[in-house]
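Encoded as C-alpha cells, the structure appears first; notes follow it.
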Number of protein chains: 2
Amino acid sequence: MPRVSKISKSPPAAVEDILNRLGRNIRTARLRRKLSMEELAERVGISRYVLADIEKGKPTTAIAAYLGTLWALGLLWNMREVADPDRDQEGKILERARSPKTAPKRKTINDDF
Amino acid sequence: MPRVSKISKSPPAAVEDILNRLGRNIRTARLRRKLSMEELAERVGISRYVLADIEKGKPTTAIAAYLGTLWALGLLWNMREVADPDRDQEGKILERARSPKTAPKRKTINDDF
DNA sequence: AAGATATGTTCATTTAAATAAACATAAAAG
DNA sequence: CTTTTATGTTTATTTAAATGAACATATCTT
C-alpha cells in the first residue's frame, strides 16, 4: 500500500512480534500438513510470493491474505475471539464507569454499522 | 494492493465474517474508550480514513494497520495464540501420522514400511 | 551421477492502498 | 439556536503491493 503508514514502515515491537510469531506458526502448520508453498498459495488464492511474505511476517500485506491462509489451514477459528467485547475487561469497566446518572433516554436502541 | 488477489477481491464467507466481526469489535472498543477515529488513528499512526476502512472490515488493508489498532487499544494480546502450534491438534496428528500426501509422486511401488 | 521438487531472488509491469484537502452531514455541547 | 466535534464522501496524487517470468540454490529421489 503506497504512502506506507508509519505503522507499516516501522511497527511497534509488539506488533512486529505478533507478525513474526504468526508467520512462523503458519509455516509450521503448512509443513505439518505437508503442503508446498505453491500448493497452499493456490488453495488460498494468492501467489507463492505473497505466502512467502506472510511466513516472514510482512506488515504491509493485506489482512485478507493472512486470514485466507489461516482459513485454508483450518485455523481461522483462532480469530473469532480477537477483540471480543465480552472479553474486553478494560473497555467494560470504562463503559460502566460512565455514569448514566438518571434516566437514559433512548428513542431507537441500536446504532450499529 | 495492486493486482488484488482473489482472496482480497472476494474472500470466502468465513474470512469476510471474521473481518466484519473484527471491525465491529474494534469500533466497540474505541467507543468504550471514548476515542474519536481521528484520535485513535493518530495514536496508531494511520489516517482516519484507514481506521474507517478497518472498522468496516476492508480486506485489502495492511495487516499492520489492523494489528496496530489492536495494539493502541490494548487488545493485541488476543493475537498471541492464533495458529499456535501447540493448539493445532490437526497439525499435530498429521505430523505424528507422517502421511505421504502430495509429495513427489511415486512411479511404481511405494511401501513405506 | 542425473532428475525432480521446493524455495529464494531479481526484474518489470500493473493498479489500487493510503494520503490530504475540501466539503457535507449529523450529532453533541454551548 | 449556534457552535463545535465526529464522521462520511469526493477527488487527486503518490508509490509500493502483488503478480509472473526467469534464474539460482538447495534438498530430496532415484
Side-chain angles (χ1 to χ4, degrees), chain A residues 1-11 19 23-24 26-28 30-69 98 100-101 104-108 110-113, chain B residues 1-11 19 23-24 26-28 30-69 98 100-112:
Chain A
M1 73 294 286
R3 244 169 177 124
V4 153
S5 338
K6 204 176 103 184
I7 195 80
S8 289
K9 248 191 291 194
S10 54
L19 275 172
R24 271 203 325 271
I26 284 173
R27 186 177 184 94
T28 300
R30 175 178 65 79
L31 293 174
R32 276 178 169 173
R33 287 159 180 75
K34 287 230 179 304
L35 295 170
S36 70
M37 296 180 100
E38 199 138 301
E39 167 80 32
L40 178 57
E42 202 206 326
R43 293 193 194 178
V44 176
I46 57 180
S47 68
R48 70 185 179 95
Y49 312 104
V50 172
L51 180 54
D53 289 339
I54 287 172
E55 292 190 352
K56 279 186 225 148
K58 193 180 177 200
T60 49
T61 295
I63 190 168
Y66 275 86
L67 298 188
T69 303
R98 232 170 348 270
K101 288 260 173 85
K105 62 166 179 198
R106 54 174 72 95
K107 226 173 7 174
T108 50
N110 218 355
D111 62 343
D112 273 4
F113 309 104
Chain B
M1 76 292 280
R3 242 168 181 128
V4 152
S5 339
K6 205 176 105 183
I7 196 81
S8 289
K9 247 190 291 193
S10 54
L19 276 171
R24 260 186 296 122
I26 284 173
R27 186 177 185 94
T28 300
R30 174 177 66 80
L31 293 175
R32 275 177 169 173
R33 286 160 180 75
K34 283 228 178 305
L35 295 170
S36 70
M37 296 181 100
E38 198 137 303
E39 168 80 33
L40 178 56
E42 202 206 327
R43 291 193 195 178
V44 177
I46 57 179
S47 69
R48 70 185 179 94
Y49 312 104
V50 172
L51 180 55
D53 288 339
I54 287 172
E55 292 189 353
K56 278 186 225 147
K58 194 179 175 201
T60 49
T61 294
I63 191 166
Y66 275 87
L67 298 188
T69 304
R98 213 149 245 314
K101 260 231 137 177
T102 329
K105 65 174 166 194
R106 18 205 131 254
K107 267 195 301 194
T108 43
I109 328 127
N110 71 335
D111 52 320
D112 352 19

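Here is how names work: the chains are called A, B, and so on, in the same order as the sequence lines, proteins then strands, and each is numbered from 1. Scope of the values below: all heavy atoms of this structure, side chains included, with no hydrogens, waters or symmetry mates. Here the structure is a predicted model, which is why all the values come from computation and not from measurement.
For B/Thr60, a side-chain nitrogen or oxygen approaches OP1 or OP2 of C/dA17 to under 4.0 Å. When the side-chain nitrogen and oxygen atoms of A/Ser5 are compared with OP1 and OP2 of C/dT19, one or more of them lie within a distance under 4.0 Å. One finds no side-chain N or O of A/Ser36 lying less than 4.0 angstrom from the OP1 or OP2 phosphate oxygen of C/dT5. Dashed line: the shortest gap from a side-chain N or O of B/Arg30 to OP1 or OP2 of D/dA6 is not under 4.0 Å.
With A/Ser5 contributing its side chain and A/Ser8 its backbone, the two residues share no donor-acceptor pair below 3.5 Å. No donor-acceptor pair under 3.5 Å is formed between the side chain of B/Arg48 and the backbone N or O of B/Ala41.
Protein atom CG of B/Leu51 is 16 Å distant from nucleotide atom C1' of C/dA20, rounded to whole Å. One interatomic measurement links the two molecules: CD1 of A/Ile54 to P of C/dG8, which rounds to 13 Å at whole-angstrom precision. In this structure, B/Lys6 atom NZ and C/dT15 atom C1' are separated by 20 Å, rounded to whole Å. The nearest whole Å value for the distance from the NZ atom in B/Lys9 to the C1' atom in D/dT19 is 12 Å. Regarding B/Met37, its CE atom lies at a distance of 17 Å from the P atom of C/dA26, rounded to whole Å. In this structure, B/Ile63 atom CD1 and C/dA18 atom C1' are separated by 17 Å, rounded to whole Å. Rounded to an integer number of Å, the gap from CG of A/Asp53 to C1' of C/dT10 is 14 Å. Put simply, CD on A/Glu38 is 13 Å from C1' on D/dT19, counting in whole angstrom units.
One distance of note links OG1 of A/Thr69 with CD1 of A/Ile26; it measures 5.5 Å at 0.5 Å rounding. Rounded to the nearest 0.5 Å, atoms OG1 (B/Thr60) and CD1 (B/Ile7) are 12.5 Å apart. Between atom CZ of residue B/Arg43 and atom CG of residue B/Leu51 there is a gap of 12.0 Å, rounded to the nearest 0.5 Å. The line from CD of B/Glu55 to OG1 of B/Thr28 is 8.5 Å long, rounded to the nearest 0.5 Å. From A/Ser47, atom OG reaches atom CD of A/Glu42 across 12.0 Å, with rounding to the nearest 0.5 Å.
Of the candidate nucleotides D/dT7, C/dG8, C/dA18, C/dA18 has the atom nearest to the side chain of B/Val50. Comparing C/dT19, D/dT7, D/dA18 by their closest approach to the side chain of B/Ile46 singles out C/dT19. Of the listed nucleotides (D/dA18, D/dG8, D/dT7), D/dA18 has the atom at the smallest distance from the side chain of A/Lys58.
Nearest-nucleotide positions on DNA chain C for A/Ala52 and B/Ala65 put A/Ala52 closer to the 5' end.
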Within the 4.0 Å limit for protein heavy atoms, which parts of nucleotides 20-25 of chain D are touched? Write it as a string from 5' to 3', B for base, S for sugar-phosphate only, - for none.
BBB---

